[in-house]
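Notes to accompany the following structure.
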Amino acid sequence: MESRIKDVKAGGIHKETRYYLSSLEADAQYINHSIRTHWSVENQLHWTLDVAFGDDASRKRKDNAAQNFSLLNRLGLNIIKYAKVSSMGVKGHRKKAGWDNDYLIYALKSFDIVKI
């Protein structure tokens, strides 16, 4: 697959060639759509977890600690997404839940995981 990327700062056009192995039919538009959809979801989730939870800076290495905390972070992210009532970012909602017990209870109730 060949892509052209416009470099806004330099003003030039950069060309890249990427190679993929797939069992899909050789339909370039369908393959392109599938790849872009996959990476869009992947990048949005990773970016949010890194910004709001500092996922990339995590130093957890022992046994299954990294996987366990990653699961807890994704659960926390989902709770925050269900509870959002303002335009405040995920990091702000996370801090608010840590500081305000009423908001924490509201967030947990809105996720319908805890019956309080």
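Note: hydrogens, waters and symmetry copies are ignored here, and every other heavy atom, side chains too, is used. Heads up: numbering here begins at 1 and tracks the sequence.
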**OP:** Using the test side-chain contact (heavy atoms from CB on, under 4.5 Å), find all partners of D63 that sit at least two apart in sequence or belong to another chain.
**Re:** none
**OP:** Hey, could you give me the CG/CG distance between L72 and L77, rounded to the nearest 0.5 Å?
**Re:** 12.5 Å
**OP:** Please name the pair of heavy atoms, one in E25 and one in I31, separated by the smallest distance, quoted to 0.1 Å.
**Re:** O-CD1, 3.5 Å
Original post:
Who passes side-chain contact (heavy atoms from CB on, under 4.5 Å) against Y30, sequence neighbours left out?
Top reply: L24, D27, S34
**OP:** Apply side-chain hydrogen bond (donor to acceptor under 3.5 Å, both in side chains) to S70 and list each qualifying residue two or more places apart in sequence or on a separate chain.
**Re:** R74
Original post:
Picking from Y106, Y82, Y103, W99, what satisfies ring pair (Phe, Tyr, Trp, His ring centres under 6.0 Å) with H93?
Top reply: Y103
Original post:
Any donor and acceptor pair, going by atom type alone, linking the side chain of N68 with main-chain N or O of N64 inside 3.5 Å?
Top reply: yes
Original post:
Sequence neighbours excluded, which residues qualify as side-chain contact (heavy atoms from CB on, under 4.5 Å) partners of D102?
Top reply: D100
Original post:
Would L49 end up clustered with L71 when hydrophobic side chains under 4.5 Å apart are linked, directly or stepwise?
Top reply: no
**OP:** Identify whether L45 and I80 are in the same connected component of the hydrophobic contact network (ILVMFWY, side-chain heavy atoms under 4.5 Å).
**Re:** yes
Subject >> Smallest separation among heavy atoms of L108 and I79, with atom names >> reply: CD2-CD1, 3.9 Å
